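Notes to accompany the following structure.
Counting starts at 1 for both ligands and their atoms, following the listed order. This is a predicted model, so every value here is computed, not measured.
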Amino acid sequence: MTVKDILDAIQSKDATSADFAALPLPESYRAITVHKDETEMFAGLQTRDKDPRKSIHLDDVPLPELGPGEALVAVMASSVNYNSVWTSIFEPLSTFGFLERYGRTNELAKRHDLPYHIIGSDLAGVVLRTGPGVNAWKPGDEVVAHCLSVELESSDGHNDTMLDPEQRIWGFETNFGGLAEIALVKSNQLMPKPDHLSWEEAAAPGLVNSTAYRQLVSRNGAGMKQGDNVLIWGASGGLGSYATQFALAGGANPICVVSSSQKADICRSMGAEAIIDRNAEGYKFWKDEQTQDPKEWKRFGKRIRELTGGEDIDIVFEHPGRETFGASVYVTRKGGTITTCASTSGYMHEYDNRYLWMSLKRIIGSHFANYREAWEANRLIAKGKIHPTLSKVYSLEDTGQAAYDVHRNLHQGKVGVLCLAPEEGLGVRDEEMRAKHIDAINRFRNV
Ligand SMILES: C/C=C/C(=O)SCCNC(=O)CCNC(=O)[C@H](O)C(C)(C)COP(=O)(O)OP(=O)(O)OC[C@H]1O[C@@H](n2cnc3c(N)ncnc32)[C@H](O)[C@@H]1OP(=O)(O)O
Ligand SMILES: NC(=O)C1=CN([C@@H]2O[C@H](COP(=O)(O)OP(=O)(O)OC[C@H]3O[C@@H](n4cnc5c(N)ncnc54)[C@H](OP(=O)(O)O)[C@@H]3O)[C@@H](O)[C@H]2O)C=CC1
């Protein structure tokens, strides 16, 4: 039995759930990994010079055992997220520590503590098997998976599952991720695949779309409302391309920050009008490694006022971190919110606290999304209200290059990876709906 038989079943028009359930599973499959004995390979190099193409491998790996509440999924396509960049450059720490810690929690979790880490936190594919206790999903279901893995044995996570003490990001803090031909997920990560999208389009939004939804729209995040001025860093990037769409769809006013005229054009094509090219306008928020330049914060704020007719920012959608955080706090209006989910340029932030407390601003930490938030975000994709921002698609063999592109900020929107899908464009089940949205679906393609 090989993965080829699985692919044939997926591509045949008439395979039933019983057919999928009867398919023997292969003993091994191909997966993108990093290796535990290579975690020091970039020691002494600058972050920028750590090259994911050197640390990312395509290996044959044994199929993991399926446990209660879990599902094995045939992965047709996945996407590159920045967390896989972090994993591949072993920053801010090696992810093998997460796997070891998870492995210590219980007998079944020991499966995750291996000398290789199968990475990837998005997938679109087909359920092959479900474990004991799974009733909501069955073999043959076409699905996408969000990346929240929880145990929920403590009371702490029962208001908001992101607060579970055993909350982990699948394919980053757990093994058996989505950049592979088969993935192991908890069944409460599964969601229906949007019918009007191809496999690679459906796999693209997942992680970033759910994160942007919680961070910007959900009451657990900034709770954006109509008319809000929303400053969006990296507005044509992974997170930002969804934050921009949420702002526009929710009647807010995105102020998009990008670093090239090409990226500015993409934001314009999404419907944004207020756009700042940070490169062209040459903002230098830091005079040197230790010292910020408040005059530059002010120049940035003046530019925002020009674009908004004199108004300041209600919500900052933060993720660059150290480089921008001081400016983000400064340009927020009295009573406004800075919501942050990352620190790409450095996690030791510095800002002038007088502008925070005297103007009653709030900083909200946000991380991924709970199942409900991920479901709502996926529903908006399925209804054609929010669209994938897939720009380029790589083969599984070329995942290292795909991660390199994201690490070096050479990409737009999202970068896809074909896993079992032999080519792009497969898996569309609703051509009529697709036709209605085709321009928006293709907006980021090959720009
Ligand atoms: C969806 C996609 C998301 C993304 O892309 S996010 C971007 C990528 N992610 C990252 O960059 C984050 C990577 N993760 C990390 O850097 C680390 O993961 C954290 C900094 C988040 C946490 O560090 P750690 O060392 O794992 O955790 P500790 O909480 O510092 O635990 C170490 C020990 O410190 C104890 N401790 C925790 N809080 C306290 C406290 N308040 N007072 C005293 N001790 C404390 C703990 O219990 C534990 O102890 P004991 O080692 O004995 O188990
Ligand atoms: N906590 C969570 O749940 C999540 C956290 N993340 C984290 O968020 C970060 C961004 O992820 P993602 O959007 O997918 O990544 P992308 O690289 O796709 O997009 C980020 C964009 O941010 C902009 N940017 C990068 N560096 C700077 C800088 N120094 N100053 C200003 N802008 C900058 C760039 O746009 P431009 O050059 O056009 O300005 C870039 O395109 C990563 O660190 C990731 O790990 C991501 C998802 C979930």
Which ring pair (Phe, Tyr, Trp, His ring centres under 6.0 Å) pairs, counting each pair once, include a residue from residues 35-56, with sequence neighbours left out?
His35-His57
Under 6.0 Å between the ring centres of Tyr351 and Trp357?
no
Short N-O contact, Glu166 and Arg168, less than 4.0 angstrom
yes
Only heavy atoms of Leu207, strictly under 4.0 Å: list the atoms of ligand 2 that pass.
47 (C), 48 (C)
With sequence neighbours excluded, what pairs up with Lys385 under the side-chain contact (heavy atoms from CB on, under 4.5 Å) test?
Leu380, Lys383
Is the Phe96 ring parallel, tilted or perpendicular to the His117 ring (thresholds 30°, 60°)?
perpendicular
Using a strict cut-off of 4.0 Å, indicate which atoms of ligand 2 neighbour a heavy atom of Gly234.
21 (C), 22 (O), 23 (C), 35 (O)
Applying side chain to side chain donor-acceptor pair (under 3.5 Å), can you list everything that pairs with Thr324, at least two apart in sequence or on another chain?
Glu318
I want to confirm something. Looking only at heavy atoms, which of Glu323, Gln412, Arg278 is nearest to atom 25 (C) of ligand 2?
Arg278
If the contact criterion is a heavy-atom separation under 4.0 Å, does Asn81 count as touching ligand 2?
no
What atoms of ligand 2 come closer than 4.0 angstrom to any heavy atom of Val258?
38 (O), 39 (O)
Note: ligand 2 atoms sitting under 4.0 Å from heavy atoms of His411 are 16 (P), 17 (O), 18 (O)
Residues in contact with ligand 1, criterion: heavy atom under 4.0 Å:
Asn83, Trp86, Pro92, Leu93, Phe98, Arg101, Ile169, Phe172, Leu207, His367
Per-atom filter on ligand 2: closer than 4.0 angstrom to a heavy atom of Phe368 are 2 (C), 3 (O)
For ligand 2, which atoms sit closer than 4.0 Å to a heavy atom of Thr324?
30 (N), 31 (C)
Could you list the atoms of ligand 2 found under 4.0 angstrom from a heavy atom of Thr211?
2 (C), 3 (O), 4 (C), 48 (C)
